[in-house]
Participant: 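Got a structure here, written out as structure tokens. Questions coming.
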Amino acid sequence: MSRKIKALATCVGLAICLICGASATTWAAEEFAPLLTINEFRALPQNEVVLLDTRSAWRYLLGHIPGAQPTGNWQDYSVQKDGVPGLIDQNRSAIARKLKALGVDRGKTLVLYGDPADKWRTDGRFFWMLEFYGFTKTALLEGGLDAWEKQGLPVERGTASPPPASQLKPEDIQFNWNVYADQHWIADRLNTPELALIDNRERHEYNGATPYGSSRGGHIPGAIHIDWREFFDGQGRLKAKPVLESLLARWNITKDKEVVVYCTGGVRSGMAYFVFRHLGYNVRNYDGSWWDWSRNSQLPVES
């Protein structure tokens, strides 16, 4: 075989490998299940997993799953701009530094858990946040610490053990704008049949109450009200897929639509975002949510 033919064969082989590798990566991202049972989590290669506890610091100290790292407050990963709190931090250097300290790395599977009884379920916000930052293998641990203990598994107490080493760099934070919405994106598509806009707050907030200091009361015109807790049972467990799909069908929320979820500051809607991801919908979370929309007097409001 001549040198030219050998070189050509090598190039073709490399191209095939690159194409197959890209396809495998895409498939893995699409097929990765965002909800893991305790048994599914334990079956994962633990050296390839970063377990993150999104509960409060005192709950973590009282007991956590061995090896879990405490994330701190969701607000540690947000900024305030023009008087609007809760906006997701887009400073790559700052985010990479915080996530690296938790052992987060591009090649790792990130598993989150929170408190099933928490009114806010900040693990949903962290799930959306990590997907926005470009981490494609991110999941919630079903039942969290409660489910772990019910299986008689060991619990650690006290401060965190050292996290796994991480090589995370600022350039590894790759914003996924397909899961993000802001007031401009929504306003441009308001009242179009392709948009399913969902308000995940409590009913009295949707009707006009402002318990969290919003500038105006009400909701975004055309928004459907679904309290995020309707997706869960009384023990904080996600309802079965047929039950969830039946709930959404009542509102004609179909998979051909672009779903946008919002609440007051993108935390409760973060959990709704997770539910829609679990069901296979195209969904975006509006991080500024009602704090942001209500502050702009040029934007319409219904109540």
Participant: Is the backbone of Pro164 close enough, under 3.5 Å, to the side chain of Lys108 for a donor and an acceptor to pair up by distance?
Facilitator: no
Participant: Would you find a donor on one side and an acceptor on the other, under 3.5 Å apart, between the side chain of His64 and the backbone of Tyr60?
Facilitator: yes
Participant: Check whether NZ of the Lys or CZ of the Arg Arg106 lies under 6.0 Å from the centre of the six-membered ring of Phe135 and within 45 degrees of that ring's axis.
Facilitator: yes
Participant: Could you tell me how the ring of Trp128 sits relative to the ring of Phe132: parallel (under 30°), tilted (30 to 60°) or perpendicular (over 60°)?
Facilitator: parallel
Participant: Distance-only check: which donor-acceptor pairs under 3.5 Å involve side-chain atoms of residues 169-181, not counting sequence neighbours?
Facilitator:
residue	atom	partner	partner atom	Å
Asp172	OD2	Lys169	N	2.8
Asn176	OD1	Asn178	N	3.1

Participant: For the backbone of Trp185 and the side chain of Asp182, can you confirm whether one donor and one acceptor N or O come within less than 3.5 Å of each other?
Facilitator: yes
Participant: Report yes or no: do Tyr113 and Glu142 form a side-chain donor-acceptor pair below 3.5 Å?
Facilitator: no
Participant: Would the number of heavy atoms belonging to other residues, nucleotides or ligands and lying under 6.0 Å from CG of Asp188 be above 12?
Facilitator: yes
Participant: Answer yes if the side chains of Gln183 and Asn296 hold a donor-acceptor pair under 3.5 Å, and no otherwise.
Facilitator: yes
Participant: Please determine whether a side-chain nitrogen of the Lys or Arg among Lys239 and Glu245 lies less than 4.0 Å from a carboxylate oxygen of the Asp or Glu.
Facilitator: no
Participant: Would you verify whether the NZ or CZ of Arg201 falls within 45 degrees of the ring axis of Trp290 while also being under 6.0 Å from that six-membered ring's centre?
Facilitator: yes
Participant: Has the side chain of Arg125 got a donor or acceptor atom that lies under 3.5 Å from a matching backbone atom of Arg268?
Facilitator: no
Participant: Lys100 side chain to Ile95 main-chain N or O, any donor-acceptor pair under 3.5 Å?
Facilitator: no
Participant: I'd like to know if Glu131 pairs up with Arg277 as an ion pair, taking the criterion as any Lys NZ or Arg NE/NH1/NH2 lying under 4.0 Å from an Asp or Glu carboxylate oxygen.
Facilitator: yes
Participant: Would you check if the side chain of Ser294 reaches a backbone N or O of Ser215 as a donor-acceptor pair within less than 3.5 Å?
Facilitator: yes
Participant: Using modelled atom types only, decide if a donor and an acceptor are shared between the side chain of Asp89 and the backbone of Val79 within a distance under 3.5 Å.
Facilitator: no
